[in-house]
Amino acid sequence: MSDLIRLQKYLAAGGVASRRAAEKLIEAGKVKVNGKVVKKLGVKIDALHDIIEVDNSVITVPDKKQYYLLNKPKGYLTTVRDPFGRPTVMDLFPQELRKGLFPVGRLDLDTEGLLLVTNDGETAFRLTHPRFKIKKKYIARVKGIPREKDLQQFKKEILLEDGPTSPADAAIISTDKSNALLQITLHEGKKRQIKRMCKTLGYPVLSLKRTAIAFLKLHGLRPGGYRTLTPLEINKLATLLGLKV
Ligand code: URA
């Protein structure tokens with residue numbers, strides 16, 4: 001795929017100069033496209049493939065930030081590429097959207113639900129680092145009916161092999177004879193955390209779905225479906241994470 005834009009616009013987006021000043025640089029013969037000086041204004045370049053130089057320095061333009069919410073179905077790995085060729089969450093996006101995108105955090109192969117997919121490393125880091133305490137909500141079906149004292153244990157800590165969990169929350173949504181549906185809220189993301197917490201208390205997880213990441217909700221997305229974040233959501237997320245919009 002190519003991405004044609006005017007040379008002066010590319011230089012401005014690369015932070016070289018304003019568009020007007022970039023035109024002056026072009027006319028002064030200071031700009032090269034694929035090794036050749038270009039003095040004519042209005043030339044379009046392929047931002048993905050052409051090499052642009054100003055005074056012999058290569059100019060790159062950061063990719064526009066992209067944010068997608070995906071409803072991950074079971075059976076897809078939360079990774080960009082699998083060495084064994086198994087389906088990954090990236091297979092749910094058309095090829096032309098995939099460049100530079102990666103999933104934020106991890107949902108197990110058999111976990112479904114909300115996943116943010118982006119090309120923005122800083123947002124991904126802040127969403128997953130325990131220091132930022134971003135709330136993630138899950139619905140878990142567990143074997144057995146948890147006792148009140150076990151539900152309270154989520155609020156304190158549960159000792160796992162890699163250390164104690166930080167305070168979480170768990171409440172029963174409904175029960176039947178032999179199992180219960182729980183809503184669980186975490187502020188951290190250890191590997192297989194919910195499954196290990198529930199198992200430690202004696203209630204193995206039968207199925208697991210993530211329903212929210214901070215204020216972002218799964219609601220309205222079919223399994224395998226995705227949507228872009230709205231500008232309002234992007235602003236809200238940046239503010240929540242202490243990032244400049
Ligand atoms: N906790 C788990 O055990 N698995 C997930 O996929 C997410 C949270």
Side-chain angles (χ1 to χ4, degrees), residues 67-82 84 86-93 101-118 123-146 150-173 179-219 221-226 237 241:
Y67 306 90
Y68 294 95
L69 282 182
L70 170 74
N71 183 352
K72 175 196 174 301
K74 288 181 189 172
Y76 286 81
L77 289 166
T78 308
T79 181
V80 172
R81 210 165 292 106
D82 178 52
F84 303 105
R86 291 169 295 179
T88 80
V89 290
M90 300 316 299
D91 295 336
L92 298 163
F93 291 86
L101 293 182
F102 57 87
V104 177
R106 185 176 12 191
L107 292 178
D108 298 334
L109 185 65
D110 60 351
T111 299
E112 46 188 332
L114 197 61
L115 190 66
L116 189 78
V117 176
T118 183
T123 290
F125 172 76
R126 293 185 184 215
L127 276 172
T128 48
H129 196 288
R131 174 155 57 93
F132 294 91
K133 294 195 168 24
I134 300 301
K135 245 194 231 174
K136 282 132 196 160
K137 278 195 181 160
Y138 297 82
I139 304 273
R141 184 165 291 285
V142 297
K143 197 161 169 226
I145 319 268
D150 291 325
L151 293 174
Q152 288 307 318
Q153 200 57 41
F154 279 89
K155 292 206 168 72
K156 298 174 192 155
E157 61 169 39
I158 297 171
L159 193 58
L160 304 177
E161 314 89 82
D162 48 351
T165 57
S166 56
D169 212 351
I172 293 180
I173 299 171
N179 58 50
L181 204 58
L182 305 181
Q183 173 159 286
I184 299 175
T185 308
L186 300 184
H187 297 94
E188 57 178 349
K190 293 177 190 287
K191 213 170 160 201
R192 305 181 73 248
Q193 183 163 344
I194 291 186
K195 289 179 189 160
R196 291 192 293 143
M197 288 167 104
C198 292
K199 190 161 180 231
T200 302
L201 297 176
Y203 310 101
V205 168
L206 303 172
S207 66
L208 186 60
K209 183 189 273 189
R210 182 154 67 192
T211 56
I213 303 168
F215 61 90
L216 299 166
K217 305 267 165 40
L218 181 62
H219 186 74
L221 279 176
R222 63 170 176 83
Y226 62 85
L237 189 61
L241 298 173

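Here the structure is a predicted model, which is why all the values come from computation and not from measurement. Each ligand, and each atom within it, is numbered from 1 in the order the structure gives. We count residues from 1, following the sequence as given.
Counting only distance, with no hydrogens or angles, the side chain of Glu112 and the backbone of Pro223 share no donor-acceptor pair below 3.5 Å. Under a 3.5 Å cut-off, the side chain of Asp108 and the backbone N or O of Asp110 do not form any donor-acceptor pair.
Listed by first and then second residue, the salt bridge (charged side-chain N to carboxylate O under 4.0 Å, His left out) pairs involving residues 157-173 are Lys155-Asp169, Glu161-Arg196, Asp162-Arg196 (not counting sequence neighbours). Applying the side-chain hydrogen bond (donor to acceptor under 3.5 Å, both in side chains) test to pairs two or more places apart or on separate chains, none has a residue in residues 68-79. Note on residues 198-209: pairs passing side-chain hydrogen bond (donor to acceptor under 3.5 Å, both in side chains), not counting sequence neighbours, are Asp150-Tyr203.
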* To do: Might you work through the side-chain contact (heavy atoms from CB on, under 4.5 Å) test for Tyr138 and Leu107, ending with a clear yes or no?
  => CA-CA 11 Å; Tyr138 297 82; Leu107 292 178; 4.2 Å; yes
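Annotation: ligand 1 has protein neighbours Leu107, Asp108, Thr111, Tyr138, Arg192, Gln193, Ile194, Lys195, Leu208, each with a heavy atom less than 4.0 angstrom from the ligand.
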